[in-house]
Amino acid sequence: MLTAIKTRRSIYNFKREEVDQSIMQDIFTYGSYAPTHYMKEPWNIKLYEKEGKTSFVDAIIASYQRIGMLKSGDDPKTRNMIKSMRQFLLQIPHHALIYFRKEEDPVRYEEEYASICAFIQNAQLAAWEYGVGMLWTITPYMHDETFLEDIGLDSRKEKIAAVMQMGYPEKIPHDKGRTPITDKLEFISR
Ligand SMILES: Cc1cc2nc3c(=O)[nH]c(=O)nc-3n(C[C@H](O)[C@H](O)[C@H](O)COP(=O)(O)O)c2cc1C
């Protein structure tokens, strides 16, 4: 596990091969051992794969068009841009959308989000042990209420925390390293 903490990298290129559902279940089971205040276990996952990706990707494209990140016209340039966006998203083997119930109280809200982040990192490290790579993404469509409704979530009550792109790594990026913790760690002993 200590090795995985250091060697895990965010993965941007995936092999075509899919990860078995039993391995996915194991990965997210490890995720679920994250600390969780009041044992709320706030995480929920919609795992889009195989044909399930089509409607998800359609909803993303529609959202990008609403937000203005993609044009809506029918001219060849726009059609090509939409096509390549669709292809890019569809060739990612799995998209794990992590969401939770919004809390009115801001402290509770932070607790739930913090716990979800711990869940995601546990899952990322477990995945790495299985040879599975992930990219943690936070993208504009996550904040688009219509997108949430399109995928069957209630935007008044639910919040998307992240979308994890997942699969077996085609390429593992080099280690960018980290700032020595001594630059950031202050011992206050007296
Ligand atoms: C909350 C969060 C959101 C992120 N969102 C993105 C993203 O949208 N796109 C992306 O390319 N990487 C994203 N990343 C991944 C970071 O770019 C990556 O962790 C960083 O470059 C360090 O690389 P490493 O994970 O390989 O050590 C995100 C990471 C976190 C923690």
Side-chain angles (χ1 to χ4, degrees), residues 1-15 19 27-28 30-37 41-48 53 56-57 59-70 81 84-103 106 109-145 147-148 151 153 158-185:
M1 182 51 90
L2 291 182
T3 305
I5 289 173
K6 277 189 139 182
T7 59
R8 179 211 59 82
R9 296 277 68 81
S10 295
I11 299 302
Y12 299 86
N13 301 97
F14 299 98
K15 291 185 175 152
V19 180
I27 287 171
F28 288 112
Y30 282 112
S32 70
Y33 281 88
T36 164
H37 206 181
E41 304 183 55
W43 42 82
N44 298 279
I45 310 132
K46 283 183 185 284
L47 215 158
Y48 297 97
K53 289 186 286 189
F56 177 63
V57 169
I60 294 174
I61 304 263
S63 174
Y64 281 159
Q65 288 176 323
R66 264 191 307 279
I67 297 166
M69 283 177 64
L70 266 182
M81 280 178 69
S84 50
M85 175 62 75
R86 177 171 276 120
Q87 275 172 351
F88 167 74
L89 291 166
L90 285 175
Q91 49 89 29
I92 296 164
H94 313 266
H95 300 255
L97 182 144
I98 321 282
Y99 67 99
F100 63 107
R101 262 185 98 78
K102 282 184 194 170
E103 286 283 348
Y109 189 99
E110 274 186 21
E111 286 174 352
E112 305 300 53
Y113 184 67
S115 184
I116 294 259
C117 292
F119 167 81
I120 292 173
Q121 186 60 4
N122 268 4
Q124 285 212 104
L125 292 173
W128 200 250
E129 298 275 2
Y130 283 88
V132 174
M134 293 202 191
L135 179 65
W136 189 333
T137 67
I138 294 199
T139 69
Y141 63 76
M142 286 169 37
H143 307 285
D144 172 12
E145 290 181 3
F147 173 81
L148 268 85
I151 62 160
L153 294 180
E158 290 165 316
K159 163 98 182 141
I160 301 173
V163 177
M164 307 303 294
Q165 300 178 354
M166 296 182 67
Y168 290 105
E170 178 71 57
K171 209 174 113 199
I172 299 177
H174 70 91
D175 179 2
K176 289 178 272 219
R178 292 295 191 265
T179 306
I181 204 62
T182 44
D183 288 8
K184 293 169 181 281
L185 172 65

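For ligands, and for the atoms within them, numbers begin at 1 and follow the listed sequence.
Considering every non-hydrogen atom in both E158 and L148, the closest pair reads O-CD2, 3.5 Å. When every heavy atom of Y33 is checked against every heavy atom of N122, the shortest pair comes out as C-ND2, 3.6 Å.
Atom 8 (O) of ligand 1 has as its closest protein heavy atom I138 N, 3.4 Å. Protein heavy atom closest to atom 21 (O) of ligand 1, with residue, atom name and distance, is K176 NZ, 2.8 Å. Regarding atom 4 (C) of ligand 1, its nearest protein heavy-atom neighbour is W136 O, 3.1 Å. The single protein non-hydrogen atom nearest to atom 11 (O) of ligand 1 is Y12 CE2, 3.2 Å, given as residue, atom name and distance. Closest protein heavy atom to atom 26 (O) of ligand 1: S10 N, 2.8 Å.
No part of K6 comes within 4.0 Å of ligand 1, judged by heavy-atom distances. The part of L135 lying near ligand 1 is the side chain, judged by heavy-atom distances below 4.0 Å.
Looking at heavy atoms from C-beta onward, R101 lies out of side-chain contact with E112 at the 4.5 angstrom threshold.
Within 6.0 Å of CD on E170 lie more than 12 heavy atoms contributed by other residues, nucleotides or ligands. Counting non-hydrogen atoms of other residues, nucleotides and ligands closer than 6.0 Å to OH of Y130 gives a total above 12. Remark: E145 CD is loosely packed, at most 12 non-hydrogen atoms of other residues, nucleotides or ligands lying under 6.0 Å away.
The contact set between ligand 1 and R178, taken as ligand atoms under 4.0 Å from a residue heavy atom, comprises 22 (C), 27 (O). For ligand 1, the atoms lying closer than 4.0 Å to a non-hydrogen atom of R8 are 24 (P), 25 (O), 27 (O). Here is the list of ligand 1 atoms found below 4.0 Å of a heavy atom in T137: 5 (N), 6 (C), 7 (C), 8 (O).
Between the side chains of W43 and S32, no donor-acceptor pair is found at a separation under 3.5 Å.
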